[in-house]
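So the structure is just underneath, and the comments pick up after that.
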Amino acid sequence: MTKRIHVAVGIILNTDGQILLAKRPEHLHQGGKWEFPGGKVEQNETVTQALIRELKEEVALNVHSSEPFMALSYDYPDKQVLLDIHTVSDFTGEAQGLEGQQIVWVDKHELTHYDFPDANKPILAKLLAQN
């Protein structure tokens, strides 16, 4: 049985209401697709702690607080993930792809122009349903 991977995901909103997306490196699972930044929750770490650590490591942002948005489980043929999604609007720093990944700020209505992993589809649906 495959172990479910617990992932902290950040929907990062800037003051213009744009959302930060990062492109997955080609060699990774679901590589080449766009995603909301985040990463694995390590043992003895809360989702918030993982999100703060991952967003610092991945996109150079210092998260001051986050709000739970939704949680969902998704089973790929080769991997199972539990996504713990938080919205982040209280942060400092200038976003950059510290792991060489492409990043981009997009308006919410432009999200449909990007190719996301299937596990992200419910997140997109909920985001797009909000005013």
Side-chain angles (χ1 to χ4, degrees):
M1 180 174 149
T2 53
K3 183 171 171 266
R4 190 171 292 282
I5 300 166
H6 190 188
V7 181
V9 177
I11 298 172
I12 305 164
L13 299 149
N14 68 14
T15 49
D16 297 328
Q18 293 175 309
I19 298 170
L20 186 68
L21 301 182
K23 195 169 196 180
R24 292 184 64 76
E26 295 293 338
H27 67 278
L28 291 184
H29 184 261
Q30 298 288 307
K33 296 194 176 193
W34 290 89
E35 66 178 355
F36 303 102
K40 273 187 211 150
V41 178
E42 303 293 347
Q43 200 171 351
N44 303 322
E45 200 176 38
T46 66
V47 172
T48 303
Q49 287 168 334
L51 198 57
I52 289 168
R53 179 182 51 74
E54 285 286 347
L55 296 182
K56 177 96 177 133
E57 291 172 3
E58 273 187 32
V59 292
L61 295 179
N62 299 301
V63 174
H64 303 295
S65 66
S66 66
E67 294 292 321
F69 181 73
M70 69 188 292
L72 62 96
S73 290
Y74 190 86
D75 296 347
Y76 288 102
D78 58 336
K79 184 182 272 199
Q80 296 179 318
V81 292
L82 166 62
L83 303 180
D84 239 314
I85 303 109
H86 284 225
T87 52
V88 177
S89 53
D90 184 8
F91 64 88
T92 52
E94 196 66 42
Q96 49 186 306
L98 292 179
E99 296 170 348
Q101 75 279 37
Q102 196 179 340
I103 60 167
V104 63
W105 289 101
V106 300
D107 291 321
K108 188 165 76 169
H109 66 272
E110 292 174 352
L111 289 172
T112 53
H113 302 304
Y114 291 84
D115 186 22
F116 286 87
D118 288 342
N120 283 198
K121 301 272 163 56
I123 307 170
L124 291 165
K126 182 171 177 181
L127 266 177
L128 294 169
Q130 291 181 329
N131 289 333

> Should Asn62 and Phe91 count as side-chain neighbours, where that means a heavy-atom distance under 4.5 Å?
Replying inline: no
>> Could you measure the distance from the CD atom of Glu54 to the CD atom of Gln49? Nearest 0.5 Å is fine.
In response: 12.5 Å
> Looking only at heavy atoms, what is the nearest atom pair of Pro117 and Tyr76, with distance?
Replying inline: CB-OH, 3.2 Å
> Do Phe69 and Leu127 pass the side chain to side chain contact (heavy atoms under 4.5 Å, CB included) test, and can you show the C-alpha distance, the side-chain angles, and the key distance before you say yes or no?
Replying inline: CA-CA 9 Å; Phe69 181 73; Leu127 266 177; 4.0 Å; yes
>> If you define the side chain from C-beta out and look only at heavy atoms, does anything of Gln130 sit under 4.5 Å from Lys108?
In response: yes
> How many angstroms lie between CG in Leu61 and CD1 in Ile12, if you round to the nearest 0.5 Å?
Replying inline: 5.5 Å
> Same cluster for Val7 and Met70 if Ile/Leu/Val/Met/Phe/Trp/Tyr side chains link at under 4.5 Å?
Replying inline: yes
> Can you tell me how far the CZ atom of Arg24 sits from the NZ atom of Lys33, to the nearest 0.5 Å?
Replying inline: 10.5 Å
>> Rounded at 0.5 Å granularity, tell me how far CZ in Phe116 sits from CG in Leu111.
In response: 5.0 Å
> For the side-chain contact (heavy atoms from CB on, under 4.5 Å) test, which of Leu21, Leu20, Ile103 pairs with Pro37?
Replying inline: Leu20
> Is the closest side-chain heavy-atom distance between Trp34 and Val104 below 4.5 Å?
Replying inline: yes
> Trp105 versus Ile19: any side-chain heavy-atom pair under 4.5 Å?
Replying inline: no
> Are Ile11 and Tyr114 co-members of a hydrophobic cluster defined by side-chain heavy atoms under 4.5 Å apart?
Replying inline: yes
> With a 4.5 Å limit on heavy-atom distance, are the side chains of Tyr74 and Asn120 in contact?
Replying inline: no
>> With a 6.0 Å cut-off (strictly less than), is the heavy-atom count around NZ of Lys126, excluding the residue itself, greater than 12?
In response: yes
> Do Asp118 and Lys121 touch side chain to side chain, with heavy atoms closer than 4.5 Å?
Replying inline: yes
> If we only count heavy atoms from C-beta on, is the Leu98 to Glu57 side-chain gap below 4.5 Å?
Replying inline: no
> Nearest 0.5 Å, what's the CD-CD distance between Glu58 and Gln96?
Replying inline: 12.5 Å
> Is Leu13 reachable from Val9 through a run of hydrophobic residues whose side-chain heavy atoms are each under 4.5 Å from the next?
Replying inline: yes
> Which atoms form the tightest heavy-atom contact between Ser73 and Arg4, and what is the distance?
Replying inline: CB-NH1, 3.5 Å
> Under a 4.5 Å cut-off applied to non-hydrogen side-chain atoms, are Glu99 and Pro25 in contact?
Replying inline: no
> Quick one: CD on Gln30 to NZ on Lys79, what's the gap to the nearest 0.5 Å?
Replying inline: 9.0 Å
>> Grouping I, L, V, M, F, W and Y whenever their side-chain heavy atoms are under 4.5 Å apart, do Leu51 and Leu72 come out in a common cluster?
In response: no
Side chains of residues 81-88: which donor-acceptor pairs under 3.5 Å do they make with residues two or more places apart or in other chains?
residue	atom	partner	partner atom	Å
Asp84	OD2	His6	NE2	2.7
His86	ND1	Ser66	OG	3.0
Thr87	OG1	Glu67	O	3.4

> Which atoms form the tightest heavy-atom contact between Glu45 and Val41, and what is the distance?
Replying inline: O-CG1, 3.3 Å
> Would a distance-only check, ignoring hydrogens and angles, find a side-chain to backbone donor-acceptor pair under 3.5 Å from Asp16 to Gln18?
Replying inline: no
